[in-house]
Amino acid sequence: MRDMQRKNNQKQEEKHRSRESLEKRRFLFDQRWITVLLVFVFLLTFGIRLYYAFSTDTFTGDQAYYHLRQIEQIGETFKPLVEDELSYQGRTNLVQPLYDYVLAFFTLFFSPEFVGKLIPNLFASLLIFVVYFTTKDLTGDPEAALVSAFISGFIPIFFAETINSISPYTLAIPLFFYMVYCFYKGAEETTSPLAEKHPRLRYVYQFIFLFFLLTLLNNMTLVLLLALVVYFILLKLEKLKAEPIEKEVFLFCLFLFLWVQLIMYKKAFLMHGLGVIWQNIPEQIVDAYFRQVDLAMIIPLIGIIPLLYGLYAISHYLFQTKGKKEYLLIALIFASGGLLWARLIRLELALMIIGVALSILFSELYKSTFLYIEKTRFSRLKLMVWMGFILVLVAFTTIPSLYFTSLSMQDALSQEEVQALEWIEKNTRKNQVVLGAPREGHSIAAIAKRKNVMDTNFFFIENPGIIFDDVKDLFYTQNSIVLMKRLQKYKVDYLYLSQRSRIFYGLQEYVILNTAKRQPQCFRRVYQNQEVSIFKVLCKVREL
Amino acid sequence: MKENPRYDRKKVFVYVFIAVTLMVLLAPVFIRWMLGNETLLGEESYAHLMLAESRIQEERTIHPIDERREFFVTPYHRLLAFTGRIFGLETGSLILGLLLGLLSSLLFFLLLKHLDISLTERLLIMLPFVLSPVFIYLFTTPNPHSFAVLLLLLGAYLATKTYAHTGSEEWLTLAGKLTAVICLFLVSMFSLFHAGLAIVLALWYGIKKGRESKKRAWMSEWVYVLLAVALSILAFLIFKPTGYYVYYQIEHSLATLIPLSISDLGAYLGFGAFSLVLLGIGLYESWKNKKQHLMMYLLIITLFTLVFWYGNTIFFYLLWLAAYYMGLGLTALRNLYWRFTLLKNLTLLVVICGLLFSTISFMNQTAQGGATQDMKEGLEILQGLSRTDDVVLTSHTNGFVVEYLAKRKVLLDGAFYTIPNLEEAFEASYRLFYPPDQQTLTRLLEQHHIQFIVIDKKMKEDLWNSKKQGLLVYLDNEKLFKRIFTSSNTEIWQVQRG
């Protein structure tokens, strides 16, 4: 009975597919060439990534230095840095250790800095293969799969955000979409004629195992679960039936996710309640992390061509034809968009997922486009059309990608900043406290190896909003008594004043420098270069 | 003669169930003892011990420490006083809680049997029920709701218990029904809410029986129903209990209620996350027969609405209904057609692990909360150094502890409804914790006859952001305060009068 139903569903699905998709087209390249080109695309992407990553010795973004410290710690002690004496002058970290452990493994062969440059870019480049196989499974068209893979390698937001920042997304995003692939294949292998007698669950087991791993790596499994809910709703609306294995896997993963989250975040939930969702980020800056959606921002960050093609594919499959596999990708886009709109996930993560999903959906329309071209007088010029198409793609995806990457690389720590931090390490005592802007906290801890007042990890920190305001006051206040009281409250020994934090606080020049000039007995400049000034705090306020 | 394995299996299940219930109820107390803390769980425990300890002359009793305040005494406090005479109040309260818990869960189990629920389903209902943080809190923290719940269950059990209609056993039926009426009468003595609940349950029983029974039987059932309703109203009119028996009463909004209802998010009294998921699945499953479940849905909605006014303690009454649907949810997961048995078994294993995790986590959290052993020692020292009319300043969450252990008045405790000029007391408390200047501080201390200040670690975390803020700034002034006790958790300061 169930077999009959399944066959009926398949027939229905095929009946509603567009005629073009069932037709076989003449490919420009045979499979061997496709493979060569795929490897070429991988090497190109990887090569460009490495070029940019190694163009500087330093990393972009403060979180990179947090991961660097974790990798070094695991490399030395095989345990992550949970009790951190330097961050906030002593705190407990909430660690999702999988990514750091994976990178730490490679420190057996290379230095942590080299590993931080090489391995994340390798992982990110592997997305190309994931997208290729997923797209090929979806469309049966290796050329379309190749082009999708190429696009996915240069999604601007994914490229720029992960190139030099030791970001867990470099591993999480390829794993995530490989899980999507396993979900497709798992449903297929349990519905094949042989499945009744000899059920094989290779892909199902892989999905479950990777789901568990991804839960230890990042919280984006929530996006997948929500996407599956949307997927089942779409199937119901389109009068298609979900396979039993799909429902069973979903149920299992839902409970597994809930359980793992409760275990990992138990202390955080007890301390912060629902604030865990927003990572206990201070109210003053939470908007910068969970940003409002702005269409003008989205287009260049995803790429105009995959966005347009992808949106067309969505409307095609929602209103004209049916396609179970496409519905899962559409569901991913809706789930990410919904969570982004509700400000429950970060803009970067949402756009990365949407970007990759759209690049896969792009293949459907690519295939249709070239099927159509074959029927026109341009069929003889197919290769030239294809090359023109690729050039347009390069112009509208690769170039923006490289542009945003260049901007991102400018944000990397400068040599002057590194020199200043190294000076601190060599010329100050180990238990001394250095005040810098919150987004410099991890680099103060990692390079200068000194205690910071605040950084960008907010879990298990009580009242981070108050600390944020206090640190901000230190940079704005002209009242020397207030300044000294704040410095004393946090036992600050050195002030690390960089151009980066001056720009962050929107100051023309540091107010604190005027105070330093007025009270030279309290502040002494001990280091200066083009980017950074370091002052030693000499005074204390005494209550009468 | 061969043994009947089915009979033995039932016995084994029952024994295991009793053992698990005992373990669950004893574990928080044992964890606390192992940590060297002999104080009771929960902040309001000492309020009930205090009332049991005082002279109970009428249904209302004067506060044993502060004569201006009147408290309402329930049947629970009388029962606690009786147990206290045998075992001592603190031990007695623990034993009483344990007995009430065991009896309540047994009665619930038997009540489910009366509703023709199979053994497997009953066990699947009892599992989330016994592992529920609400159940654990209800019977490990001395509170009147534990007795009210037992009385309700006993009444429900006796009302639904049917005997063979032989002449000699008809008197059993009569006795059972009358005892059920008495139970509802006793429950109505607790509060207006309890009286209302008793009336609703009696009427529900009457309506249900009316649909199921013949006319003559229906009429005899309604005699008991009307008797129960009349006695409930009478109890309320005679004893005039409060609107609802609750301490630390604060009105909630949906935004504040959600984190305060889930024990995994730190709620001192709430359901586990997995329980709520099972509850959702159970309600979804039951929707297919929504007409049969209509009364249950209405009762759940009503009780949940009351949570906004009366707080989390309403969960004590919601628990039984919720457990039923949680069990339904678990049954649905188990009975669902799973193509792959491995996935089914893994899913059920994860669900059970999730339930256990919430329970263990809650036990650990509860065992470490509340008063500490060093606070008890400090309060004993305070009692020795103080006079009977001295007032102690502390947070309202420590109020009952100070009143019971040190036998001294406090500015604020959790029985808000009994404090004369409550707003003034709150205002004074706030200004004392955050004095604008020394003059205001000394004036307020003088005005409220405050001679001692008790500060614990939780107060420091909740009230002040740093060591030098508010009242803490002035404590180091030796002319104003002298520290008489200090430990890792508690500091006690004596006000120096010039």
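Chain letters run A, B, ... following the sequence lines, proteins first and then strands; every chain starts at 1. Note that the structure is predicted; figures quoted are calculated from it, not measured.
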By side chain to side chain donor-acceptor pair (under 3.5 Å), B:Glu285 pairs with (sequence neighbours left out) B:Lys288
Is atom CD of A:Glu85 surrounded by more than 12 heavy atoms (other residues, nucleotides or ligands) closer than 6.0 Å? no
Max heavy-atom pairs within cutoff under 4.5 Å with chain A, candidates B:Cys353, B:Ser263, B:Ala267, goes to B:Cys353
Honestly, the part of B:Ile281 sitting under 4.5 Å from a heavy atom of chain A is side chain
Okay, B:Leu336 and chain A: the region with an atom under 4.5 Å from a heavy atom over there is side chain
Taken in chain and number order and not counting sequence neighbours, the residues that satisfy ring pair (Phe, Tyr, Trp, His ring centres under 6.0 Å) with A:Phe468 are none
Whatever's closer than 4.5 Å to a heavy atom in chain A on B:Leu342 counts as side chain
Can you confirm whether more than 12 heavy atoms, excluding those of A:Lys185, are under 6.0 Å from its NZ atom?
yes
query = Would you find more than 12 non-hydrogen atoms of other residues, nucleotides or ligands less than 6.0 Å from A:Phe209 atom CZ?
reply = no
If you tally heavy-atom pairs under 4.5 Å between each of B:Ile262, B:Val350, B:Val277 and chain A, the highest tally belongs to B:Val350
Correct closest heavy-atom pair for B:Phe340 and A:Glu248 would be N-OE1, 3.2 Å
Expected contact set for residues 251-260 of chain A against chain B at heavy-atom separation under 4.5 Å reads A:Leu251, A:Phe252, A:Phe255, A:Leu256, A:Leu258, A:Trp259
Honestly, the part of A:Val276 sitting under 4.5 Å from a heavy atom of chain B is neither
With a sphere of 6.0 Å drawn around NZ of B:Lys458, does it hold more than 12 non-hydrogen atoms of other residues, nucleotides or ligands?
no
Rounded to the nearest 0.5 Å, the NZ atom of A:Lys266 sits from the CD1 atom of B:Ile360 at a distance of 10.0 Å
Ring pair (Phe, Tyr, Trp, His ring centres under 6.0 Å) filter on A:Phe232, not counting sequence neighbours, yields A:Phe250
Does atom CD of A:Glu283 have more than 12 heavy-atom neighbours from other groups under 6.0 Å away? no
